[in-house]
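Because only heavy atoms are used, hydrogens play no part in the values below, and waters and symmetry mates are left out as well, while side chains stay in. Letters A, B, ... are given to chains in the order of the sequence lines, protein chains preceding strands, and every chain is numbered from 1.
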Amino acid sequence: MALKYDHKAIEKKWQKKWADENAFAASDSSDKQKLYILDMFPYPSGAGLHVGHVEGYTATDIYSRFKRMQGYNVLHPMGWDAFGLPAENYAIKTGVPPVKTTDEAIKTFTRQINSLGLSYDWSREIGTHTPEYYKWTQWFFLFLYNKGLAEKRRAKVNWCPKDQTVLANEQVVNGCCERCGTEVVQKDLEQWFFKITKYADALVDDLDQVDWPESTKIAQRNWIGRSEGAEIKFDISNSSESITVFTTRADTIFGATYLVLAPEHPLLQKLKNHIENWESEVLPYMEVVKNKTDIERQEEGKEKTGVELKGIKAINPANQEEIPVFVADYVLGNYGTGAIMAVPAHDRRDREFADVFGLPIRKVVEPGNPRIMETAKLKSGSTEDIFVGENILINSGDFTGLQSAEAKKKITEAVGGKMVKTYRLRDWLISRQRYWGAPIPVVYDPEGKPHAVPEEHLPWLLPTDVEFKPTGTSPLGQSKELLERTEKIFGIGWKPEIDTMDTFVCSSWYYFRFADPRNSKEFASKEAMQKWLPVDLYVGGAEHTVLHLLYSRFITKVLQQEGYITFGEPFKKLRHQGIILAEDGNKMSKSKGNVINPDDVVATYGADTLRVYEMFMGPLEAMKPWNTQNILGARRFLEHVWDLQEKVTDGIAGAMDMVHRKTVEKVSSDLEHLKFNTAISALMIFVGEAKRKEINRAQYEDLLRLLSPLAPHITSEIAERMGYSLDAWPQPNTSDLPVFNTPIAIQVNGKLRATIELPPAATQEEALAAARKDPAVARWLALGKEEKAVYVAGRIISFAVSTDPV
RNA sequence: GCCGGGGUGAUGGAAUUGGUAGACAUACAGGACUUAAAAUCCUGAGAGGCCUUAACUCCUCGUGUGGGUUCGAUUCCCACCCCCGGCACCA
């Protein structure tokens, strides 16, 4: 297509101007109301910026520009989540140091971001891989360490054999490494943990305070997995030991027909002398389970396995009944107490196990209403296997007839149990046996006892004399410089910690740094944090619904508790941008060759066109496919805006008053709610009207203002040529516009039969009278007796007519 | 299996949260301009019916399926089907 305006020259001109003027720097001293608008900062990958980045960044950019025009002091910074595996894996392949590839990638990202006209405050740029930054990442480690919130301990950890490193639970997907897909194995290692579990309750409860997508909140709640239940002790008949089980259904205790211990349960070793089949069955079973991977355990999940502990009986504290005890791998060692009371009548898993082993099934809960019971049976298509949830107790001694909720408390109390909460959340394992990360600032004395590196030695530099070949131990172990540094400072025989930190540590606090990015004495001053934080709007991909967001919230809560900040949630409002699929409907991927490079679109059609196109595709959060053809629509729209320069008059252009007012209102409200697609639609309608009718200078100026957050280059250029100012956001013209009649739809029995025009002030009587006069309506009304008539002002008139003849 | 989100023309999507379904855009068709094509501009269009034809009008159906509430349902309720995302033996 022939291009009507020279986007290349125009965009270059304005981008240079903005850079030269540092036009988007946030003022630390301004007393305008602050607004902190943040993107999830990117990992600067070698592949460069992709169109998904563009979507999120454009959204926050539009909002930032919009809010600046409305008079806010906007902080809109950008930085680099620069540590991470891809650069290191590339180094393993090629020998090129990660710092080099990373810095090159940052250059590319910066160029691409600027080519889009994004209004970042570059004076606050940060990179997590710079010593100036990771000094403070290390400070956070020491901070948590000194508060007893970081500790080293031996633990079964997830190990990726390909990446040769430990993974956090959150980085294991279906038993495989999130990054490379290799099956994860369990290893017993000494590792550093952050005690995030101490904050589990606050991390659940405070979700109520934030404006986040409900799905993200739910994902976090599920991840933390708080459940409230009871711990109940079952004595063992011929031993002084006892088994404490965790249950959320204490009300079903009379239906407990056996107990189950996890294979890892420590009590098994203690009881082995009492277990008659220890050597013959129990021990072999435990061995088999131990050698199973998570994947195998999952695959075999359907068929329950286990072994009874012969010679052992547990005593049900509710009815003193002796019941058998099993070991089975469907009970997890690291959740609850590692032991359960099994109630096969009311738990599917217990039922499956009971079916395999022929164990008794005793119902102890039933719906109070027999009708509901019948419906439930019909629905499940069965007469037997109804799992009754919480309801009314039966066969439960003195507790028969109670409601479940009440029975839970009373039974727990009666059997000497206690109400407890358990969590699925585990402590955050932060050790990584990798090179390209922030070194953990710890050294070991000759006895092997860990000591924090004192703050004065921070940044505890990442050594450079390291080969990148994976050996199964951490690359930092090869560094002579690091060892010498350690011995020089601490003494001969001292050794450095050679693991680095999970990169999620780096990104768990970066939004604080933007408030005060050049501070060399603190990670950020209290004043700066007080001024700018919390983040008012945070936009990023939904893939971070648990990891990054949960860790950031944890760090924020610790800082709040220690008095560094006065708020407990870092991100007040969160939105996710949806994934942009390739034109063929698949995910964009190099291997499929369907990746769109934003550089190409910018070169061909211009940044403004790309911005408008991506925002017009659909709702920000929706998943939507790329369509190259549709880019033309965005470009045409901008050309129409350009062409209007010729059409502008000095007249009154009253024909445009109404659409002008509506457009100002609609665009203002849509941008506020990040509904960019409909805002653009409203602007298109305005432009179409202006083309057909007329437009005067004031109206054109307002059009450019409304459009300028979305398409900043072309609007700046036109404004300059026309002598306009884009500094202020337009106000809707509320002065007396001539009152037009509005079209009113008329329905008879719910079907549209006519439309008439009425003055907005018409009363119900006037409206109905006018409607009855309409010939089409009259015809339909004549078919029966009018039963009812409704007038909804400004919208619709509805008649109900009975056509029942006899 | 459980928990979220969703299903609207050929396509991306819109619908003020119960009030004229299909805005806006793309693709498509016809026309204008052109030697021609592209670009541009204009017009049309949910599916179907009524009609010798045409225009205008009119009618029926239509927001995954089947019911329901209502003067009125894409919107609310019940049941079901399908797609996407998350969790998944968590007691």
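Ion pairing of A:Arg351 with A:Asp347 is absent here, as no side-chain N (NZ or NE/NH1/NH2) approaches a carboxylate O to less than 4.0 Å.
Geometric assessment of A:Lys304 against the ring of A:Phe353 yields a negative cation-pi assignment under the 6.0 Å and 45° thresholds. A cation-pi contact, defined as under 6.0 Å to the ring centre and within 45° of the axis, links A:Arg553 to A:Trp212. Under the 6.0 Å distance and 45° angle rule, A:Arg635 counts as a cation-pi partner of A:Tyr5.
Side-chain N/O atoms of A:Ser227 include one lying less than 4.0 angstrom from OP1 or OP2 on B:rA91.
At the heavy-atom level, A:Ile340 lies under 4.0 Å from base atoms of the strands shown. Among the protein residues, A:Arg221 comes within range of no part of the nucleic acid, since none of its heavy atoms lies under 4.0 Å from any strand. The residue A:Trp780 sits close only to the backbone: its heavy atoms come under 4.0 Å of sugar-phosphate atoms, none of a base.
Contacts classified as salt bridge (Lys or Arg N to Asp or Glu O under 4.0 Å) and involving residues 789-801 of chain A (residues at least two apart or in different chains) are not found.
Among the nucleotides B:rA91, B:rC89, B:rC61, the one closest to the side chain of A:Tyr335 is B:rA91. Here B:rC24 is the nucleotide among B:rA27, B:rC24, B:rC71 with the atom lying nearest to any side-chain atom of A:Ser681. The side chain of A:Ala219 lies closest to B:rG86, out of B:rC61, B:rC3, B:rG86.
Every residue was checked against the salt bridge (charged side-chain N to carboxylate O under 4.0 Å, His left out) condition with A:Lys675, not counting sequence neighbours, and none meets it.
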Checklist entry - For RNA chain B, what dot-bracket results from Watson-Crick or G-U pairs at under 3.5 Å, with [ ] for crossers and | for inter-strand partners? => result (((((((..(((......[....))).(((((.......))))).((((........))))..(((((..]....))))))))))))....
Checklist outcome for this item: Heavy-atom contacts, protein to nucleotides 8-21 of chain B, under 4.0 Å, summarised as B (base), S (sugar-phosphate only) or - (none) per nt, yield ----BSSSB--BB-
Checklist entry - How does protein contact run along nucleotides 41-47 of chain B, one letter per nucleotide 5' to 3', with B for base contact, S for sugar-phosphate only, - for none, heavy atoms under 4.0 Å? => result S------
Show which side-chain atoms of residues 683-694 of chain A pair as donor or acceptor with protein atoms under 3.5 Å away, not counting sequence neighbours.
unit_1, atom_1, unit_2, atom_2, d
A:Glu689, OE1, A:Lys693, NZ, 2.6

